[in-house]
Novice: 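Here's a structure for you.
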Amino acid sequence: YFVAKKLKKKHEIDDPRQTLYNEVNAFADAIGPNQPFMGGNSPNLADISTFGVLRAIEPYDTFRDMMENSNIGPWYYRMKEKVGKSSRLNQPLAV
């Protein structure tokens, strides 16, 4: 809680969700209407990094809110198709 509060103050964030919406909209706007990914016809490191962060929050309400309140959805689903299924293990490895 205290770390989050300090980070919000440091980065001058009043409303974290609105800041998320603004940032993903800026990312989608930077891609533009004429290419599917930041890297053009194929994802580049910016696409992959951003996708990784957003995929991590997919199970949460924040993700659904972001999809409803931003324009990142088409890019996200193009990336999901391109990257494919997660290779996450459901069971911890035996040690």
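As a basis for the values below, the full set of heavy atoms in this structure was taken, side chains included, without hydrogen atoms, waters or symmetry mates.
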Novice: Of all residues at least two apart in sequence or in a different chain, which pass the salt bridge (Lys or Arg N to Asp or Glu O under 4.0 Å) check with E58?
Specialist: K80
Novice: What's the separation between atom CE in M66 and atom CD1 in I57, rounded to the nearest 0.5 Å?
Specialist: 4.5 Å
Novice: Scan residues 29-52 for pairs that pass ring-ring contact (aromatic ring centres under 6.0 Å, His included), counting only residues two or more places apart or in two chains.
Specialist: F51-Y76
Novice: Which heavy atom in A30 sits nearest to a heavy atom in M38, and how many Å separate them?
Specialist: CB-CE, 3.8 Å
Novice: Can you tell me how far CG of N69 sits from OG1 of T62, rounded to the nearest 0.5 angstrom?
Specialist: 11.0 Å
Novice: Could you work out, with salt bridge (Lys or Arg N to Asp or Glu O under 4.0 Å) as the rule, every residue matching R78, not counting sequence neighbours?
Specialist: none
Novice: With side-chain contact (heavy atoms from CB on, under 4.5 Å) as the criterion, how do R55 and V83 come out once you've worked through the C-alpha distance, each side chain's angles and the decisive distance to 0.1 Å?
Specialist: CA-CA 11 Å; R55 186 177 226 175; V83 171; 3.8 Å; yes
Novice: Should Y60 and V24 be counted in the same cluster of Ile, Leu, Val, Met, Phe, Trp and Tyr side chains packed under 4.5 Å apart?
Specialist: yes
Novice: If a pair satisfies side chain to side chain donor-acceptor pair (under 3.5 Å) and one of its residues is in residues 23-38, list it, with sequence neighbours excluded.
Specialist: D29-N71
Novice: Rounded to the nearest 0.5 Å, what separates atom OH in Y77 from atom CD1 in I72?
Specialist: 11.5 Å
Novice: Sequence neighbours left out, what pairs pass side chain to side chain donor-acceptor pair (under 3.5 Å) with at least one residue falling in residues 41-54?
Specialist: D47-W75
Novice: List in chain and number order the residues that pass side chain to side chain contact (heavy atoms under 4.5 Å, CB included) with N22, two or more places apart in sequence or in another chain; answer none if no residue qualifies.
Specialist: Q18
